[in-house]
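Note that the coordinates shown come from a computational prediction; the quantities given were computed from them, not determined experimentally. Values reported hereafter were calculated over all heavy atoms of this structure, with side chains retained and with hydrogens, waters and symmetry mates removed.
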Amino acid sequence: MIEQGILIIIMEFCDYGDLAYHVQKKKKKKEYFSEEEIMNWFVQICLALDNIHGRKILHRDIKS
């Protein structure tokens, strides 16, 4: 968002940790994410990318 000629970047805070945190947590417990969890995240990421690309917003990279 640009207000008065200033670029404003808004990032959401993850109360329960980011994806990398949860991957490491599962790895330590030798557990796996369910297919439903993974597909839900995948769809959310795809929709988010479609939204920002549709608005011509530039992003650096997507990572866990």
Side-chain angles (χ1 to χ4, degrees):
M1 167 175 22
I2 298 179
E3 288 188 11
Q4 299 174 356
I6 299 171
L7 175 63
I8 299 172
I9 300 173
I10 301 171
M11 299 177 67
E12 185 175 337
F13 177 74
C14 299
D15 288 332
Y16 300 104
D18 62 5
L19 181 58
Y21 167 79
H22 290 284
V23 168
Q24 290 301 316
K25 192 173 171 182
K26 285 280 189 183
K27 189 175 179 180
K28 285 180 185 176
K29 291 182 178 181
K30 297 186 181 180
E31 295 177 354
Y32 297 97
F33 293 106
S34 71
E35 184 176 341
E36 184 178 348
E37 287 175 302
I38 293 168
M39 285 304 295
N40 184 23
W41 294 333
F42 178 72
V43 169
Q44 288 181 48
I45 291 167
C46 290
L47 289 171
L49 283 172
D50 184 55
N51 183 283
I52 64 173
H53 288 164
R55 295 170 184 243
K56 307 272 191 254
I57 296 173
L58 180 64
H59 60 86
R60 290 186 56 162
D61 57 0
I62 306 295
K63 56 187 166 189
S64 63

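Other residues, nucleotides and ligands contribute more than 12 heavy atoms inside 6.0 Å of the CD atom of Gln44. Counting non-hydrogen atoms of other residues, nucleotides and ligands closer than 6.0 Å to CZ of Phe33 gives a total above 12. The environment of NZ in Lys25 is sparse: at most 12 heavy-atom neighbours from other residues, nucleotides or ligands sit within 6.0 Å.
Val23 and Trp41 fall within a single hydrophobic cluster, where Ile, Leu, Val, Met, Phe, Trp and Tyr side chains are chained together by heavy-atom contacts under 4.5 Å.
There is no side-chain donor-acceptor pair under 3.5 Å between Glu36 and Asn40.
The backbone N or O of Tyr16 sits less than 3.5 Å from a side-chain atom of His22, completing a donor-acceptor pair.
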